[in-house]
Student: 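Provided herewith is a single structure, encoded as structure tokens, for subsequent inquiry.
Keep in mind that what you see is a predicted model, and the values were worked out from it rather than measured.
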Amino acid sequence: MPRITKGDKARNRRNILDAAGRLFRARGIDAVGIAELMKGAGLTHGGFYNHFASKDDLVVEVCGASFAASLASLARTVEDGPDQDGPPLERVVGGYLSTAHRDAPDGGCPSASLVTDAGRHGEAVQGAYAEGVEGYLAGFAAEFLREAERQGRELDPAEARRKAVRLLSEMVGALVLARAVRRVEPELSDEILRARRGHAVDRGDPEPDDRARAGRGRGGRHPARVPRDPEHRC
């Protein structure tokens, strides 16, 4: 039998993580057994424990790696700044709530595809998921603050955090609902995505009562522009 090199072992581990990430997001953690995911990685069942002590250990690492990739995409979008398709957060929302992202859960953001599984598993898995959620909230809140600064407005960090929580919650909820009905009610699924995409990102403007007190009237927010070809899913 040929000797396994360190490079081979690292490559096999990466293949397991990639296969598990696809399968867990597409079908759910509990629906995928070790034998199946090892087959998906092109490896034998018995080799699993050469890389991970347990399936939960694998799930924690998959969750962390998946969120890291999504957060890197968010960071690139923010770094690019505003462009012809709008401010960074509007482009993030447009990509996250695109039909392409809805229809590809196996390669999409774990915030929606693993949300139910995280709630059913132990503290280690929930901790990895919570860390990813906190990464999103920090990124969103920081961008709310930067956008307010660009516009010459003041925004309290606590308010930016609240708006980040609301934005992420609405994005994940809309995507989960859209995926849940897309096969039997595709028009409803599209409607859910459109409705959230069309709702402007809350950038820290005063709430309606505050605007009224300031004499600014009761007008609603302007609808957000949707990127013509959304590329940023997370």
Side-chain angles (χ1 to χ4, degrees), residues 63-98 100-102 108-112 114-115 127-176 178 192-234:
C63 194
S66 299
F67 267 111
S70 295
L71 291 171
S73 177
L74 171 63
R76 289 192 297 270
T77 304
V78 168
E79 185 177 353
D80 290 342
D83 65 13
Q84 71 273 14
D85 289 322
L89 289 184
E90 287 189 6
R91 303 201 308 276
V92 169
V93 171
Y96 190 96
L97 298 179
S98 66
H101 188 202
R102 177 198 62 192
C109 184
S111 56
L114 296 182
V115 61
Y129 186 90
E131 185 175 348
V133 168
E134 285 290 352
Y136 264 107
L137 297 179
F140 284 176
E143 181 56 22
F144 278 130
L145 292 169
R146 280 189 292 268
E147 189 167 275
E149 184 177 2
R150 287 195 295 265
Q151 296 175 356
R153 296 185 291 108
E154 290 188 3
L155 180 62
D156 182 74
E159 181 67 5
R161 166 80 177 192
R162 185 188 71 80
K163 293 178 184 299
V165 170
R166 185 165 74 180
L167 176 60
L168 182 62
S169 300
E170 291 177 352
M171 288 168 57
V172 173
L175 185 59
V176 169
I192 292 168
L193 296 179
R194 284 196 307 270
R196 186 55 191 87
R197 285 199 310 259
H199 189 284
V201 173
D202 184 347
R203 298 187 186 84
D205 296 332
E207 296 298 328
D209 289 346
D210 297 330
R211 289 202 301 268
R213 286 194 294 270
R216 292 172 58 189
R218 298 178 60 192
R221 296 184 178 92
H222 297 292
R225 286 195 300 170
V226 180
R228 289 187 295 271
D229 183 20
E231 296 178 354
H232 306 285
R233 297 180 178 178
C234 302

Student: What closest approach, in Å, do A174 and L97 show between heavy atoms, and which atom pair accounts for it?
Tutor: CB-CD2, 4.1 Å

Student: Which heavy-atom pair separates H101 from C109 by the least distance, and what is that distance?
Tutor: NE2-N, 3.0 Å

Student: Enter the distance from F67:CZ to Y136:OH here, rounded to the nearest 0.5 Å.
Tutor: 7.0 Å

Student: After noting the C-alpha distance and the side-chain angles of R162 and E159, does the key distance pass the salt bridge (Lys or Arg N to Asp or Glu O under 4.0 Å) rule?
Tutor: CA-CA 5 Å; R162 185 188 71 80; E159 181 67 5; 2.7 Å; yes

Student: Please report the closest heavy-atom contact between A112 and V172, naming both atoms and the distance.
Tutor: CA-CG1, 4.1 Å

Student: Between S70 and S66 (side chain of the first, backbone of the second, donor and acceptor by atom type, cut-off under 3.5 Å), is there such a pair?
Tutor: yes

Student: For residues P88 and V78, report the shortest heavy-atom separation together with the two atoms involved.
Tutor: CB-CA, 4.0 Å

Student: Return the minimal non-hydrogen interatomic distance between S111 and Y96, and the atom names on each side.
Tutor: OG-OH, 2.7 Å

Student: Hey, are the side chains of M171 and L167 touching, using non-hydrogen atoms and a 4.5 Å cut-off?
Tutor: yes

Student: Let's go through R197 and E170 carefully: what are the C-alpha distance in whole Å and the side-chain angles of both, what is the deciding distance for salt bridge (Lys or Arg N to Asp or Glu O under 4.0 Å) to 0.1 Å, and is it a yes or a no?
Tutor: CA-CA 10 Å; R197 285 199 310 259; E170 291 177 352; over 6 Å; no

Student: Between R161 and V165, is any pair of side-chain heavy atoms under 4.5 Å apart?
Tutor: yes

Student: Over all heavy atoms of both residues, which pair between F140 and L74 is shortest? Give the atoms and the distance, please.
Tutor: CE2-CD1, 3.8 Å

Student: Quick test of your reading of the model: are E143 and K163 salt-bridged, counting only N-O distances below 4.0 Å?
Tutor: no

Student: Inspect the contact between R146 and E149 and indicate whether a charged nitrogen and a carboxylate oxygen are less than 4.0 angstrom apart.
Tutor: no

Student: Is it true that a side-chain atom of R91 and a backbone atom of T77 form a donor plus acceptor pair closer than 3.5 Å?
Tutor: yes

Student: Could you tell me the separation between the CG atom of L175 and the CG atom of L193, rounded to the nearest 0.5 Å?
Tutor: 7.0 Å

